[in-house]
Amino acid sequence: MNLRTDINKMEITYVYSCFNYSYFHKASVLAATLKKFHSSWKFIAVIVERRDSLEPSVLENRNFDEIIFPETLLGSSHEKWFKSHSVVEACTSIKGVALQTILVREDCKNVFYFDPDIAIINNLTSIEGRFRTHDIILTPHQTKYEAYTDIRAIIDNEVGSLAHGCYNLGFLGIKKSKIGKEF
């Protein structure tokens, strides 16, 4: 086995977040707090804005290892896409395309998605360790069933889960594996 070849094939854990300019400072905190605990992980900012609409200082953010714009992910359809989505829809709908793009990178080991308004306050090694036995890590909205009798609680919890899904995709972990890619 050639040591030089093995070094060149280093696998990287990627973390990304999708946001528009109004969340730029929050995403900067996410990236900075991530780097505090995991300096070797690569943080990708998926900025859901037109590149030419941003101040140059945004593109020079030292906490972001890479910045990707919708035109890179969506090609020529990005203008139609911008016009057909609200800001929230745009930031949400681009998550999957960004995930697929990162996951196929040759050096990719794992990918984590975090909403931009999250700060990392502890080491994430134990979460990453779950990839030894799991290909997908999700956060459920509810972890136990409670028989609610108050109509407001029913609407907030039961109907809310039906309307928005069982899982909160403010966090997602995917292992680069057959199952991870299929997901």
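Both backbone and side-chain heavy atoms feed into the values below; hydrogens, waters and symmetry mates do not.
- The shortest side-chain heavy-atom distance between T101 and Y16 does not fall under the 4.5 Å cut-off.
- The shortest distance between side-chain heavy atoms of H38 and T13 does not fall below 4.5 Å.
- The side-chain contact (heavy atoms from CB on, under 4.5 Å) test applied to T92 returns V88, not counting sequence neighbours.
- A donor-acceptor pair under 3.5 Å is absent between the side-chain atoms of Y14 and the main chain of D107, judged by distance alone.
- Using a 4.5 Å heavy-atom cutoff, the side chains of F37 and T125 are not in contact.
- Residue pairs meeting the salt bridge (charged side-chain N to carboxylate O under 4.0 Å, His left out) criterion with at least one member in residues 169-183, sequence neighbours excluded: K178-E182.
- The CD1 atom of I127 sits 8.5 Å away from the CG atom of N122 when rounded to the nearest 0.5 Å.
- Annotation: salt bridge (charged side-chain N to carboxylate O under 4.0 Å, His left out) contacts of K35 (sequence neighbours excluded): D65.
- We find the CD-CD distance between E11 and E106 to be 10.0 Å, quoted to the nearest 0.5 Å.
- Within the 6.0 Å centre-distance limit, the rings of F64 and F24 are counted as a close aromatic pair.
- Between L34 and L124, the closest side-chain pair of non-hydrogen atoms falls below 4.5 Å.
- Looking only at distances, a side-chain donor or acceptor of S17 sits under 3.5 Å from a matching main-chain atom of F114.
- Summarising the geometry of L103 relative to G180, their closest heavy-atom pair is CD2-O, 3.9 Å, with the distance given to 0.1 Å.
- Contacts of S126 classified as side-chain hydrogen bond (donor to acceptor under 3.5 Å, both in side chains), with partners at least two apart in sequence or in another chain: none.
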Without placing hydrogens or testing angles, list every side-chain donor-acceptor pair under 3.5 Å for residues 67-78, not counting sequence neighbours.
| residue | atom | partner | partner atom | Å |
| --- | --- | --- | --- | --- |
| S77 | OG | L74 | O | 2.9 |
| H78 | ND1 | G75 | O | 2.8 |

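- Here the closest non-hydrogen pair linking T139 and F171 is OG1-CD2, 3.2 Å.
- Put simply, the side chain of L99 does not reach to within 4.5 Å of the side chain of Y113, judged on heavy atoms.
- Residues C91 and C18 come closest through the heavy atom pair O-CB, 3.5 Å.
- Under the side-chain contact (heavy atoms from CB on, under 4.5 Å) criterion, A32 pairs with N63, not counting sequence neighbours.
- R132 pairs by the salt bridge (charged side-chain N to carboxylate O under 4.0 Å, His left out) definition with nothing, not counting sequence neighbours.
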Task: Step-by-step side chain to side chain contact (heavy atoms under 4.5 Å, CB included) determination, I44 to V15 - done: CA-CA 6 Å; I44 299 176; V15 175; over 6 Å; no

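- Between D115 and F19, the closest side-chain pair of non-hydrogen atoms is not below 4.5 Å.
- R130 meets the salt bridge (charged side-chain N to carboxylate O under 4.0 Å, His left out) test with no other residue; sequence neighbours excluded.
- Legend: residues meeting side-chain hydrogen bond (donor to acceptor under 3.5 Å, both in side chains) with Y23, ordered by chain and number and at least two apart, are absent.
- N110 CG to I12 CD1: the interatomic distance, rounded to the nearest 0.5 Å, is 11.5 Å.
- The two atoms that bring A90 and V48 nearest to each other are CB-CG1, 3.6 Å, heavy atoms only.
- Smallest separation of non-hydrogen atoms from K95 and G170: NZ-N, 4.5 Å.
- Side chain of D150 to backbone of R152: a donor-acceptor contact under 3.5 angstrom is found.
- The distance from atom OG1 of T33 to atom CZ of F43, rounded to the nearest 0.5 Å, is 8.5 Å.
- The side-chain contact (heavy atoms from CB on, under 4.5 Å) check on S22 picks up N20, with sequence neighbours excluded.
- With sequence neighbours excluded, no residue forms a salt bridge (charged side-chain N to carboxylate O under 4.0 Å, His left out) with E89.
- For the side-chain contact (heavy atoms from CB on, under 4.5 Å) test, residues two or more places apart in sequence or in another chain that qualify with I179 are D135, I136, S177.
- Residues F112 and V29 do not share a hydrophobic cluster, defined by chaining ILVMFWY side chains whose heavy atoms lie under 4.5 Å apart.
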